[in-house]
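This report concerns only the one structure given below.
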There are 2 protein chains.
Amino acid sequence: MNPEKKTQRQPTAVRKAQIKEAVLSIIFSQGLDQLSTRNLAKAVGISEGTIFRHYASKRDILLDILEDVKSGLLKDMAAIVQKEIPAQERLEQLFCKHISYLLENKGITILLFAEVAHLNDAELKSGLNDILNTQIQYIQNIIEDGISAGIWTDKFSLDDIGTLYLGMPVMMNIRITLSQEEAAPLNFCKRMLPLFEKILKK
Amino acid sequence: MNPEKKTQRQPTAVRKAQIKEAVLSIIFSQGLDQLSTRNLAKAVGISEGTIFRHYASKRDILLDILEDVKSGLLKDMAAIVQKEIPAQERLEQLFCKHISYLLENKGITILLFAEVAHLNDAELKSGLNDILNTQIQYIQNIIEDGISAGIWTDKFSLDDIGTLYLGMPVMMNIRITLSQEEAAPLNFCKRMLPLFEKILKK
DNA sequence: ATTGTTAGCAAGTGATTACTTACATAATAT
DNA sequence: ATATTATGTAAGTAATCACTTGCTAACAAT
């Protein structure tokens, strides 16, 4: 009658993926303080104890998600930076990839900022620092190329430009989290890019 | 020998101010998850029960801090918007006031973002939404004046410019929280302003 | 077939949380 | 002086947290 009543036994790789997905889903739709191991287990459809078969601690789950960002988003961004196309096109691809990744993984930014806020965990903190610095480094690489190619100005600090850049995806997340509208900023990347490019123009 | 050993009885207005100050201090220097009523009481130097003499709940303390932002920062910003000086000067004053307020109240931004992250409280959430929208409104007012005066371009959406603007203070806070360096961004306002103004130029 | 390993659950664990209760004393009003 | 109110504390409370324990059954290797 109900073939899905009993939990199916699954290999740890599958369960880990389910757990990480449930973490992001709970954070985005219910908020961080609903992310208890109890709720997490219920969302995956397993018992609380089973979570600890696959992860040694709740913290380990978050660290694993950070690794996914590094091997997912950051790898994609690195590939764009190294493309043999004009700096302007790379900038657009980089920014739009960045934005679409955040929209597809809506809990990620909140999770990262929660760690900024709680900040008592040195390893999580430095993991986040790595991610932000790597992203800034990628934009700076592209901008340096644009300056060398003579299309962009060199009168601003690359660090400040990086700060301004990162503010855009961060603000997008804050606003969709506050409004909880999923659909709105689909064209966010195309809308914001002209503003950012104007700063770079000679 | 030790005249400060026993806690002095204080009027509720004084205690409320001490409690709010301790909240921001704990958040900035120890992180959000150290903000328990136990730690809070210890920081103020009173017993845990006394906190609940002055505030009905922990949540009420946070709501009171939100009110302080409204009657402090937002009032100051409103006064700047209404000044009879060129839009360019008002923009600089508004932005630098915004930045210095955040540097003087270092726990504020983390507290606000924690609420974005936890977001299960409708009243806190809408209080934060009010603050962000008011700030965006103020910049938009100044920019509209600059456009009317013919010094700035009207080719970008005011909403998008507002998003870009707010990203700057937000990123500043993220970076000082991650690096925990207090001194660094004293000139943040003066450094970032030229980048932002370039977008507005005709 | 036997054995070892992996994935599962129910029912705990102690620690911590925000908050309450009962009672005491200081300040104020009458 | 006396009564009232405001501020204080110590010692609770029930609920929740991340995590553990003891046991079972599914699966894989030999």
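The chains referred to below are lettered A, B, ... by the order of the sequence lines, with proteins before strands, and numbering in each begins at 1.
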Completion exercise
What residues 11-25 of chain A contributes to the DNA chain C interface at heavy-atom separation below 4.0 Å is A/Pro11, A/Thr12, A/Arg15
Handout entry: Partner residues of A/Tyr165 under the ring pair (Phe, Tyr, Trp, His ring centres under 6.0 Å) criterion, sequence neighbours left out
Key = A/Phe95, A/His98, A/Phe196
Completion exercise
Within residues 34-43 of chain B, the residues having a heavy atom closer than 4.0 Å to DNA chain D are none
Problem - Residues forming a side-chain contact (heavy atoms from CB on, under 4.5 Å) with A/Glu104, sequence neighbours excluded - result: A/Ser100
Handout entry: Set of side-chain contact (heavy atoms from CB on, under 4.5 Å) partners for B/Asp160, sequence neighbours left out
Key = A/Arg191, A/Met192, A/Leu195, B/Ser157
Practice task
Provide the closest heavy-atom pair for B/Asp130 versus B/Lys70 in the form atom of the first, atom of the second, distance.
Solution key: OD2-NZ, 3.8 Å
Practice task
List for me each residue that meets side-chain contact (heavy atoms from CB on, under 4.5 Å) alongside A/Asp60, sequence neighbours excluded, and say none if there are none.
Solution key: A/Tyr55, A/Ala56, A/Ser57, A/Leu63
Completion exercise
The side-chain hydrogen bond (donor to acceptor under 3.5 Å, both in side chains) partners of B/Glu123 (sequence neighbours excluded) come to B/Arg59
Do any side-chain atoms of residues 82-89 of chain A form donor-acceptor pairs under 3.5 angstrom with protein atoms, and if so which ones, sequence neighbours left out?
{"from": "A/Lys83", "atom 1": "NZ", "to": "A/Gln93", "atom 2": "OE1", "distance (Å)": "2.7"}

Completion exercise
Residue set satisfying side-chain contact (heavy atoms from CB on, under 4.5 Å) with A/Thr134, at least two apart, ordered chain then number -> A/Leu74, A/Tyr138
Practice task
Could you tell me whether B/Glu92 and B/Lys190 make a salt bridge, using a distance below 4.0 angstrom between a side-chain N and a carboxylate O?
Solution key: yes
Practice task
Check for a donor-acceptor pair, side chain of B/Asn39 on one end and backbone N or O of B/Leu35 on the other, with a separation under 3.5 Å.
Solution key: no
Problem - Distance, rounded to the nearest Å, where A/Leu62 contributes CG and D/dA18 contributes C1' - result: 12 Å
Problem - By side-chain hydrogen bond (donor to acceptor under 3.5 Å, both in side chains) - contacts of B/Thr12 (at least two apart) - result: B/His54
Problem - A/Lys20/A/Asp64 ion pair, N-O < 4.0 Å - result: yes
Exercise for the section: Starting from the first five and the last five pairs of the helix from C/dA1-D/dT30 to C/dT30-D/dA1, work out the angle between the resulting helix axes, to 10 degrees. Expected result: 10°
Practice task
For DNA chain D, find the residues of residues 45-58 of chain A with a heavy-atom distance under 4.0 Å and give them by number; none if there aren't any.
Solution key: A/Glu48, A/Gly49, A/Phe52, A/Arg53, A/Ser57, A/Lys58
